[in-house]
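The next block holds one structure in the form of structure tokens; read it before the comments.
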Amino acid sequence: MDIWGLLGIEPTTDIERIKSAYASQAKLYHPEEHPAEFKALQNAYKTAVRMAKRTKAVGGKPLADTPVVSPIPQKALEVETFVDIQGASPAPQTERTFDYSDVDVYGERECFFRQFLLIAKNPCLKNNLIAWDYFLNQKEFRHLFFSTDFRINFVRTMCDIRGWRRKTVLYFEGYLEQFHTDENMPDNGKWETSLPSFWVRKLPRLRLPAFCMDQFVTKDGAAFQKKLHSQISRSLGRELNYEMRADLIKYMKLYLPYAESKEAYIERLYSGWKSRQVMMNVLAFLVCLIMTASAVRFVEEKIETENGLIYLRELYGSEFAAYSKEKQESILRDYNSYWRYAEEAIDDVMSRYEGWTLQ
């Protein structure tokens, strides 16, 4: 197999693309479980980079004959997979805890933000602190947070996503503060957690449709989640528990490879979730508006009743206090009826008078 086949891309002189392809392919082969395959991939990456540099050095002439490297045995691909509910090809399940020592920051950043967004767009994971504790503390990602620019980009990306709970935002803040040292101080002296968009998301807020926030609500989303949940539950021999770290890690290891291969599908599920959230927020707003209007009307009617009773007590004197409550209410209803009739009569007279004066 040639180096480009191993990297999964067409021949190119774009070094950044080669690095990104290597970062993606390296996740398929754990160096401890598949050392030969991982080494072959490393050699392919290094050879591709050397060829790209050499090609650029000679003025961008066509690449020389592509070197051939040892193919990766088929058995290396025999790993746990998640069966697509749409019947598509399964995505490989791999371990994600080794150090990509040969992949530079560009490839790691791209890999991080791709997976970060895929987790953030899954409502079952978005506000699960166990999921974020596992994801952010992986060896291949943690060191990225020593970069001020990376942390700022992380905060801005996070703020572009809807549906964060306050507890999740506070967790991100605590995680970022671990890297707030004198060596990492930004030039302007302001940390990324002081950005206005981040500060707003830390504020306490009432989320009326909270019961729909942490689950897929569309038909397709519910079917996807049910399929994934059932598959993991069967492998565990019991019901999947999202509050158990081991269960959640197993869920993420199955979900992420599939989601990376089906980003457009995950985006569609997320768009459906967002639309439903907007609809629920509008409905909740209307319910609150109706309740508020009803409460205001109730208070106004109560004040009118009290004012009417005060007037009747003054009109009837001590005699009114001797009446029963039902009698008092009856007199008040008659009073209100007569008053409305009097108002209508006065309006009619004034209207007739205005018409007479204009003649």
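Residues: numbered from 1 along the sequence shown.
Ring centroid separation for the pair Phe145 and Phe141 does not come in under the 6.0 Å cut-off.
Residues satisfying the ring pair (Phe, Tyr, Trp, His ring centres under 6.0 Å) criterion with Phe172, sequence neighbours excluded, are Trp132, Phe154, Trp164. With sequence neighbours excluded, the residues satisfying side chain to side chain donor-acceptor pair (under 3.5 Å) with Glu239 are His229. Residues satisfying the side chain to side chain donor-acceptor pair (under 3.5 Å) criterion with Ser147, sequence neighbours excluded, are Arg109.
Alongside Trp191, the hydrophobic cluster contains Met185 (criterion: ILVMFWY side chains under 4.5 Å).
No hydrogens or angles considered: a donor-acceptor pair under 3.5 Å links the side chains of Tyr251 and Asn122.
Summarising the geometry of Ile161 relative to Tyr270, their closest heavy-atom pair is CG2-OH, 3.6 Å, with the distance given to 0.1 Å. Here the closest non-hydrogen pair linking Phe198 and Thr193 is CD2-O, 3.3 Å.
For residues 168-180, the pairs satisfying salt bridge (charged side-chain N to carboxylate O under 4.0 Å, His left out) are Glu173-Lys202, with sequence neighbours left out.
Within a 6.0 Å radius of NZ in Lys167, other residues, nucleotides and ligands contribute more than 12 heavy atoms.
Ring geometry for Phe150 versus Phe113: interplanar angle of 30 to 60°, hence tilted.
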Donor-acceptor contacts, no H, no angles, side chain residues 291-309, under 3.5 Å, sequence neighbours left out:
from	atom 1	to	atom 2	distance (Å)
Thr292	OG1	Cys288	O	2.7
Ser294	OG	Ile290	O	2.9
Arg297	NE	Glu301	OE2	3.1
Thr305	OG1	Glu301	O	2.9
Asn307	ND2	Ile303	O	3.3

